[in-house]
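In what follows, every chain begins at residue 1, and chains take the letters A, B, ... in the order their sequences are listed.
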Amino acid sequence: DTGVSQNPRHKITKRGQNVTFRCDPISEHNRLYWYRQTLGQGPEFLTYFQNEAQLEKSRLLSDRFSAERPKGSFSTLEIQRTEQGDSAMYLCASSYREKLFFGSGTQLSVL
Amino acid sequence: AQSVAQPEDQVNVAEGNPLTVKCTYSVSGNPYLFWYVQYPNRGLQFLLKYITGDNLVKGSYGFEAEFNKSQTSFHLKKPSALVSDSALYFCAVRDGGAQKLVFGQGTRLTINP
(Lines give C-alpha, C1' and ligand atoms only; values in the text may rest on other atoms or scores of the structure.)
Protein backbone atom coordinates (compact mmCIF):
# COMPACT_ATOMS: atom_id res chain seq x y z
CA ASP A 1 0.00 0.00 0.00
CA THR A 2 1.78 3.09 -1.25
CA GLY A 3 -1.05 5.46 -0.49
CA VAL A 4 -2.83 7.90 -2.79
CA SER A 5 -0.42 9.55 -5.19
CA GLN A 6 -0.99 12.92 -6.88
CA ASN A 7 1.03 14.55 -9.61
CA PRO A 8 2.32 17.13 -9.99
CA ARG A 9 2.81 18.45 -6.45
CA HIS A 10 2.86 22.03 -7.70
CA LYS A 11 1.65 23.67 -10.88
CA ILE A 12 2.11 27.29 -11.87
CA THR A 13 0.27 28.41 -14.96
CA LYS A 14 -0.82 31.55 -16.71
CA ARG A 15 -4.43 32.58 -16.83
CA GLY A 16 -6.20 31.05 -19.82
CA GLN A 17 -4.02 27.95 -20.01
CA ASN A 18 -5.29 24.40 -19.53
CA VAL A 19 -3.96 22.18 -16.77
CA THR A 20 -4.35 18.50 -15.97
CA PHE A 21 -3.74 16.72 -12.68
CA ARG A 22 -3.39 13.00 -12.08
CA CYS A 23 -4.43 10.89 -9.12
CA ASP A 24 -3.47 7.27 -8.50
CA PRO A 25 -5.65 5.85 -5.73
CA ILE A 26 -4.89 2.90 -3.49
CA SER A 27 -5.23 -0.04 -5.83
CA GLU A 28 -8.12 -1.95 -4.25
CA HIS A 29 -10.26 1.14 -3.60
CA ASN A 30 -13.09 1.51 -6.10
CA ARG A 31 -14.31 4.93 -4.94
CA LEU A 32 -12.37 8.06 -5.84
CA TYR A 33 -13.05 11.68 -4.93
CA TRP A 34 -11.74 15.09 -5.92
CA TYR A 35 -11.82 17.98 -3.49
CA ARG A 36 -10.52 21.55 -3.61
CA GLN A 37 -9.11 23.38 -0.61
CA THR A 38 -8.24 27.04 -0.27
CA LEU A 39 -6.31 28.62 2.59
CA GLY A 40 -8.33 28.75 5.79
CA GLN A 41 -11.14 26.61 4.44
CA GLY A 42 -12.13 22.99 4.64
CA PRO A 43 -11.99 20.74 1.58
CA GLU A 44 -14.82 21.39 -0.88
CA PHE A 45 -16.32 18.44 -2.76
CA LEU A 46 -15.88 18.50 -6.54
CA THR A 47 -16.75 15.06 -7.87
CA TYR A 48 -16.93 11.34 -7.09
CA PHE A 49 -16.34 8.12 -9.04
CA GLN A 50 -17.38 4.58 -8.37
CA ASN A 51 -15.02 2.56 -10.56
CA GLU A 52 -15.10 4.36 -13.94
CA ALA A 53 -18.54 5.93 -13.45
CA GLN A 54 -18.74 9.57 -12.40
CA LEU A 55 -21.73 9.45 -10.06
CA GLU A 56 -21.82 12.91 -8.57
CA LYS A 57 -20.54 16.33 -9.55
CA SER A 58 -20.75 19.50 -7.51
CA ARG A 59 -22.94 22.28 -8.85
CA LEU A 60 -20.05 24.58 -8.00
CA LEU A 61 -17.97 22.89 -10.71
CA SER A 62 -18.13 24.96 -13.87
CA ASP A 63 -18.02 23.41 -17.32
CA ARG A 64 -14.33 24.34 -17.49
CA PHE A 65 -13.68 21.44 -15.12
CA SER A 66 -13.77 17.83 -16.25
CA ALA A 67 -12.70 14.62 -14.57
CA GLU A 68 -12.22 11.13 -15.89
CA ARG A 69 -11.39 7.72 -14.55
CA PRO A 70 -11.19 5.71 -17.76
CA LYS A 71 -10.40 2.24 -16.48
CA GLY A 72 -11.53 2.60 -12.90
CA SER A 73 -7.96 3.04 -11.74
CA PHE A 74 -6.20 6.42 -11.99
CA SER A 75 -8.14 9.64 -12.49
CA THR A 76 -7.42 12.97 -14.16
CA LEU A 77 -8.86 16.39 -13.43
CA GLU A 78 -8.60 18.96 -16.18
CA ILE A 79 -9.24 22.67 -15.86
CA GLN A 80 -9.63 24.57 -19.12
CA ARG A 81 -9.03 28.29 -19.53
CA THR A 82 -7.77 28.68 -15.99
CA GLU A 83 -8.72 31.74 -13.95
CA GLN A 84 -7.01 33.25 -10.92
CA GLY A 85 -9.90 32.04 -8.78
CA ASP A 86 -8.93 28.46 -9.62
CA SER A 87 -5.79 28.81 -7.50
CA ALA A 88 -6.13 26.23 -4.73
CA MET A 89 -4.95 22.87 -3.47
CA TYR A 90 -6.64 20.06 -5.40
CA LEU A 91 -7.00 16.92 -3.31
CA CYS A 92 -7.74 13.39 -4.40
CA ALA A 93 -8.95 10.66 -2.07
CA SER A 94 -9.97 7.04 -2.31
CA SER A 95 -12.10 5.27 0.22
CA TYR A 96 -12.40 1.99 2.06
CA ARG A 97 -14.93 1.20 4.79
CA GLU A 98 -16.10 4.77 5.05
CA LYS A 99 -12.58 6.14 5.49
CA LEU A 100 -11.16 8.59 3.00
CA PHE A 101 -7.43 8.29 2.27
CA PHE A 102 -6.13 11.57 0.90
CA GLY A 103 -3.18 12.29 -1.30
CA SER A 104 -0.84 15.20 -0.60
CA GLY A 105 -2.56 17.30 -3.22
CA THR A 106 -1.61 19.42 -6.21
CA GLN A 107 -1.10 23.11 -5.43
CA LEU A 108 -2.26 25.19 -8.41
CA SER A 109 -1.22 28.81 -8.80
CA VAL A 110 -2.76 30.77 -11.65
CA LEU A 111 -0.86 33.95 -12.48
CA ALA B 1 -28.27 19.73 2.02
CA GLN B 2 -25.79 18.80 4.71
CA SER B 3 -23.58 21.31 6.52
CA VAL B 4 -21.02 21.42 9.30
CA ALA B 5 -20.12 24.21 11.70
CA GLN B 6 -16.93 24.43 13.69
CA PRO B 7 -17.52 27.52 15.83
CA GLU B 8 -13.92 27.99 16.94
CA ASP B 9 -11.22 28.92 14.44
CA GLN B 10 -8.57 28.30 17.07
CA VAL B 11 -8.30 26.39 20.35
CA ASN B 12 -5.35 26.71 22.72
CA VAL B 13 -4.76 24.16 25.47
CA ALA B 14 -1.92 23.54 27.89
CA GLU B 15 -0.13 20.22 27.56
CA GLY B 16 -1.64 17.61 29.86
CA ASN B 17 -5.03 19.32 30.02
CA PRO B 18 -8.17 17.88 28.42
CA LEU B 19 -9.15 19.28 25.05
CA THR B 20 -12.43 19.68 23.18
CA VAL B 21 -12.92 20.74 19.58
CA LYS B 22 -16.54 21.53 18.79
CA CYS B 23 -18.63 20.50 15.81
CA THR B 24 -22.32 20.78 14.99
CA TYR B 25 -23.97 19.42 11.88
CA SER B 26 -27.11 19.51 9.79
CA VAL B 27 -28.24 16.62 7.59
CA SER B 28 -31.60 15.47 6.32
CA GLY B 29 -31.10 11.73 6.79
CA ASN B 30 -29.00 9.62 9.09
CA PRO B 31 -25.67 11.35 9.77
CA TYR B 32 -22.34 9.73 9.07
CA LEU B 33 -19.84 11.82 11.06
CA PHE B 34 -16.07 12.03 10.82
CA TRP B 35 -13.03 13.82 12.16
CA TYR B 36 -9.91 14.33 10.05
CA VAL B 37 -6.60 15.91 11.04
CA GLN B 38 -4.12 17.83 8.89
CA TYR B 39 -0.57 18.16 10.11
CA PRO B 40 1.73 20.77 8.54
CA ASN B 41 2.92 19.74 5.07
CA ARG B 42 1.00 16.48 5.27
CA GLY B 43 -2.25 15.22 3.79
CA LEU B 44 -5.54 14.88 5.64
CA GLN B 45 -5.69 11.82 7.88
CA PHE B 46 -8.73 9.98 9.19
CA LEU B 47 -9.14 10.12 12.98
CA LEU B 48 -12.51 8.54 13.76
CA LYS B 49 -16.08 8.06 12.57
CA TYR B 50 -19.60 7.59 13.83
CA ILE B 51 -21.98 5.57 11.69
CA THR B 52 -24.21 3.82 14.20
CA GLY B 53 -24.01 2.23 17.64
CA ASP B 54 -22.42 3.69 20.76
CA ASN B 55 -22.53 7.45 20.93
CA LEU B 56 -18.93 7.59 22.16
CA VAL B 57 -16.46 6.55 19.49
CA LYS B 58 -12.74 6.10 19.94
CA GLY B 59 -10.17 6.82 17.29
CA SER B 60 -6.50 7.25 16.59
CA TYR B 61 -3.94 8.89 18.90
CA GLY B 62 -6.22 8.68 21.97
CA PHE B 63 -8.95 10.88 20.52
CA GLU B 64 -12.64 10.23 21.01
CA ALA B 65 -15.85 11.93 19.96
CA GLU B 66 -19.37 11.95 21.31
CA PHE B 67 -22.40 11.88 19.04
CA ASN B 68 -25.31 13.86 20.48
CA LYS B 69 -28.40 13.57 18.30
CA SER B 70 -30.54 16.05 20.21
CA GLN B 71 -27.88 18.74 20.02
CA THR B 72 -26.71 17.67 16.54
CA SER B 73 -23.14 17.76 17.80
CA PHE B 74 -20.06 15.61 17.40
CA HIS B 75 -17.37 17.16 19.57
CA LEU B 76 -13.82 15.82 19.49
CA LYS B 77 -12.13 15.18 22.83
CA LYS B 78 -8.94 13.95 24.39
CA PRO B 79 -8.33 13.55 28.13
CA SER B 80 -4.71 14.74 28.13
CA ALA B 81 -3.31 16.86 25.32
CA LEU B 82 0.15 16.43 23.81
CA VAL B 83 2.20 19.08 22.03
CA SER B 84 2.23 16.73 19.02
CA ASP B 85 -1.58 17.05 18.81
CA SER B 86 -1.12 20.57 17.45
CA ALA B 87 -2.69 20.54 13.98
CA LEU B 88 -5.74 21.54 11.95
CA TYR B 89 -8.84 19.49 12.70
CA PHE B 90 -11.81 19.08 10.38
CA CYS B 91 -15.24 17.74 11.18
CA ALA B 92 -17.19 16.25 8.28
CA VAL B 93 -20.67 14.85 7.66
CA ARG B 94 -22.53 13.04 4.97
CA ASP B 95 -26.06 11.87 4.58
CA GLY B 96 -26.14 8.10 4.89
CA GLY B 97 -27.66 7.77 1.45
CA ALA B 98 -25.01 9.82 -0.36
CA GLN B 99 -21.26 9.79 -0.93
CA LYS B 100 -20.57 13.51 -0.81
CA LEU B 101 -18.68 14.35 2.39
CA VAL B 102 -19.03 17.94 3.56
CA PHE B 103 -16.25 19.41 5.69
CA GLY B 104 -16.26 22.20 8.22
CA GLN B 105 -13.87 25.14 8.00
CA GLY B 106 -11.45 23.59 10.43
CA THR B 107 -10.18 24.38 13.92
CA ARG B 108 -6.52 25.04 14.56
CA LEU B 109 -5.53 23.29 17.77
CA THR B 110 -2.40 24.50 19.54
CA ILE B 111 -1.05 22.66 22.55
CA ASN B 112 1.30 24.76 24.62
CA PRO B 113 4.17 23.08 26.53
task = For residues Val4(B) and Phe74(B), determine if any side-chain heavy atom of one lies less than 4.5 Å from a side-chain heavy atom of the other.
result = no

ask   = Residues in side-chain contact (heavy atoms from CB on, under 4.5 Å) with Pro40(B), at least two apart?
value = none

inquiry  = Side chains of Cys92(A) and Phe21(A), heavy atoms from C-beta outward: is any pair under 4.5 Å?
reply    = no

query = With a 4.5 angstrom heavy-atom cut-off, which part of Leu91(A) approaches chain B: side chain, backbone, both or neither?
reply = side chain

Check chain B against chain A and list any donor-acceptor pairs under 3.5 Å.
{"residue": "Tyr36(B)", "atom": "OH", "partner": "Leu100(A)", "partner atom": "N", "Å": "2.9"}
{"residue": "Gln38(B)", "atom": "OE1", "partner": "Gln37(A)", "partner atom": "NE2", "Å": "3.4"}
{"residue": "Gln38(B)", "atom": "NE2", "partner": "Gln37(A)", "partner atom": "OE1", "Å": "3.4"}
{"residue": "Lys49(B)", "atom": "NZ", "partner": "Arg97(A)", "partner atom": "O", "Å": "2.9"}
{"residue": "Arg94(B)", "atom": "NH2", "partner": "Glu98(A)", "partner atom": "OE1", "Å": "2.4"}
{"residue": "Arg94(B)", "atom": "NH2", "partner": "Glu98(A)", "partner atom": "OE2", "Å": "3.0"}
{"residue": "Gln99(B)", "atom": "OE1", "partner": "Tyr33(A)", "partner atom": "OH", "Å": "2.6"}
{"residue": "Leu101(B)", "atom": "N", "partner": "Tyr35(A)", "partner atom": "OH", "Å": "3.3"}
{"residue": "Leu101(B)", "atom": "O", "partner": "Tyr35(A)", "partner atom": "OH", "Å": "2.9"}
{"residue": "Gln105(B)", "atom": "NE2", "partner": "Gln41(A)", "partner atom": "OE1", "Å": "3.0"}

query = Under 4.5 Å between any side-chain heavy atoms of Leu46(A) and Leu77(A), yes or no?
reply = yes

remark   = Checking Leu109(B), Leu48(B), Thr20(B) against Leu76(B) for side chain to side chain contact (heavy atoms under 4.5 Å, CB included), the one that qualifies is Leu48(B)

ask   = Considering residues, nucleotides and ligands other than Ile12(A), do more than 12 of their heavy atoms fall under 6.0 Å from its CD1?
value = no

query = Got more than 12 heavy atoms from elsewhere within 6.0 Å of CG, Leu111(A)?
reply = yes

query = When heavy-atom pairs shorter than 4.5 Å are enumerated against chain B, which of Gly42(A), Ala93(A), Gly103(A) gives the highest number?
reply = Gly42(A)

